[in-house]
Amino acid sequence: MGPLAGIKILELAGIGPGPFCAMLLADLGATVLRIDRPEPPELGIPRPLQYNPVLRGRRAIALDLKRPEARDLALRLVARSDALIEGFRPGVTERLGLGPDDCLARNPRLIYGRMTGWGQQGPLAPAAGHDLNYIALTGALASIGRAGQAPAPPLNLVGDYAGGALYLALGILAAIIAARGSGQGQVVDAAIVDGTAHLMTGFHGLLAAGMLNPERGTNLLDSGAPFYDCYACADGRWISVAPIEGRFHAELLRILGIDAAEFPPQSDRARWPEARARLAATFLTRTRDAWCALLEGTDACVAPVLTMEEATRHPHMRARGTYIEVDGVVQPAPAPRFSRTVPDVPSPPQAADPADAEAVLEGWLEAEEIARLRAAGAFG
């Protein structure tokens with residue numbers, strides 16, 4: 001089930017944004033087959049397979065792509081795929097004989113999705129890097145954090161997943177649509193630096209208009225404004241406050257019992273420190289949950305700052321079924337929602353087992369072809 005049912009994706013195993021892109025597509029119904037290395041490399045954060053839900057929803061086969069027999073099998077799978085995902089450094093798949101030219105020669109309609117940090121070209125293209133480096137180069141990292149403090153690493157959400165995986169998924173799907181009309185595949189070069197820079201489009205507009213201070217922590221959305229920030233409560237927990245619009249700001253003050261006539265005007269930046277001190281003192285008078293009982297669900301634009309465990313138990317998230325349990329692991333459900341082609345609950349992560357190779361290849365290759373490949377030593 002899912003809107004991508006019938007789409008076949010071949011994934012060359014990697015870490016971070018490549019697998020996350022494959023998970024996104026599998027979550028929405030695509031059939032994704034992951035090609036693992038016979039000996040997994042020491043990359044990423046090691047953990048038992050059960051606790052790596054980014055690998056959910058797809059089966060895997062282990063192939064030594066340096067061997068001609070395994071490479072031939074991979075190319076046979078390419079011939080039956082709508083798209084391929086790879087996240088190696090530039091030039092690696094070309095040296096393996098699985099580069100874009102090799103694969104498009106087998107399948108002219110193939111969409112060849114390339115996921116890198118720096119991109120396929122440019123002075124930094126061959127260099128190693130991680131999410132923090134990529135978002136640093138785009139100006140995003142310098143914009144995140146409090147005034148007078150070091151830039152704050154925002155997990156690896158901004159680069160790997162937002163600027164990388166989501167852009168690769170969008171590019172692959174756009175290219176599949178184009179191929180259906182033209183009959184021609186193409187290469188999708190998804191670089192995290194490109195995607196992250198694109199995410200900053202609105203802020204570039206503000207900067208050009210003279211409406212954005214280059215110093216982080218001094219602007220409307222970066223903790224500079226007292227009405228867009230987090231405040232400690234009496235129990236040491238935190239609450240988020242974001243009434244940007246004037247009517248919502250007035251509603252916050254009303255519920256807090258603060259006389260708006262005696263409170264600094266929302267637009268008076270010179271008095272933002274005074275407003276922040278007043279709000280900080282107010283929120284320290286009750287616990288977080290007490291404030292939620294008073295404010296949550298109103299137009300004051302307030303929400304508790306929850307831990308990951310608390311988020312899975314929140315009534316709103318429960319009502320929407322935002323979290324599911326797969327093989328004993330609580331994790332986010334597929335997103336977004338669809339009214340008709342509703343995705344199935346994802347299957348748990350699966351390891352590449354040589355004993356299951358024939359079953360994994362069913363639906364991709366004919367039985368006789370699988371038997372010949374087994375006899376030739378292509379796998380197992």
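Here the structure is a predicted model, which means the values were calculated and not measured.
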Quick test of your reading: applying salt bridge (Lys or Arg N to Asp or Glu O under 4.0 Å), list the pairs with at least one residue in [range], sequence neighbours left out, ordered by first then second residue.
range	value
residues 226-237	Arg146-Asp229, Asp229-Arg276, Arg237-Asp289, Arg237-Glu310
residues 360-370	Arg76-Glu369, Arg80-Glu369
residues 345-359	Glu358-Arg374

What pair of heavy atoms forms the shortest contact from [X] to [Y], and how long is it?
X	Y	value
Ala128	Arg89	CB-NH2, 3.5 Å
Ala26	Gly57	CB-O, 3.7 Å
Asp131	Asp160	OD2-N, 2.6 Å
Leu10	Ala74	CD2-O, 3.9 Å
Ser347	Gln350	OG-NE2, 4.0 Å
Ala232	Leu284	O-CD2, 3.6 Å

Ignoring hydrogens and geometry, is there a side-chain-to-backbone donor-acceptor pair from [X] to [Y] under 3.5 Å?
X	Y	value
Arg288	Val305	yes
Arg286	Trp291	no
Arg278	Pro264	no
Glu11	Cys21	no

By side-chain hydrogen bond (donor to acceptor under 3.5 Å, both in side chains), which residues pair with [X], not counting sequence neighbours?
X	result
Thr218	Asn213
Arg56	Asp27, Gln331
Gln50	none
Glu274	Arg271

Atom pair CG/CG of Asn107 and Leu84 - distance to nearest 0.5 Å |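 Interatomic distance, Asn107 CG to Leu84 CG, rounded to 0.5 Å: 10.0 Å.
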Of all pairs that satisfy ring-ring contact (aromatic ring centres under 6.0 Å, His included), the ones with a partner from residues 177-219, not counting sequence neighbours |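 Residue pairs passing ring-ring contact (aromatic ring centres under 6.0 Å, His included), neighbours aside: Tyr167-His198.
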Could you note down all residue pairs passing ring-ring contact (aromatic ring centres under 6.0 Å, His included) where residues 93-118 supplies at least one of them, sequence neighbours left out?
->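 Those involving residues 93-118 are Trp118-Tyr134.
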Who are the side-chain contact (heavy atoms from CB on, under 4.5 Å) partners of Ala60, not counting sequence neighbours?
->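 Ala60 satisfies side-chain contact (heavy atoms from CB on, under 4.5 Å) with Arg34, Asp36, Ala352 once adjacent residues are dropped.
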With sequence neighbours left out, what residues match Leu220 under side-chain contact (heavy atoms from CB on, under 4.5 Å)?
->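 Testing Leu220 for side-chain contact (heavy atoms from CB on, under 4.5 Å), a comparison that skips the adjacent residues, returns Ala225, Phe227, Ile244.
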Are [Y] and [X] linked, directly or through intermediate hydrophobic residues, by side-chain heavy-atom contacts shorter than 4.5 Å (ILVMFWY only)?
X	Y	answer
Ile35	Leu73	yes
Leu25	Leu170	no
Leu365	Ile61	yes

Would you say the side chain of Ile192 lies within less than 4.5 Å of the side chain of Pro17, judging by non-hydrogen atoms?
->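 Heavy-atom side-chain distance check passes, below 4.5 Å.
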Salt bridge (charged side-chain N to carboxylate O under 4.0 Å, His left out) involving Arg318 - partner list, sequence neighbours excluded |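 Arg318 satisfies salt bridge (charged side-chain N to carboxylate O under 4.0 Å, His left out) with no other residue.
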From the options Asn156, Ile135, Ile15, select the one residue that forms a side chain to side chain contact (heavy atoms under 4.5 Å, CB included) with His130.
->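 Looking at Asn156, Ile135, Ile15, the match for His130 under the side chain to side chain contact (heavy atoms under 4.5 Å, CB included) is Ile15.
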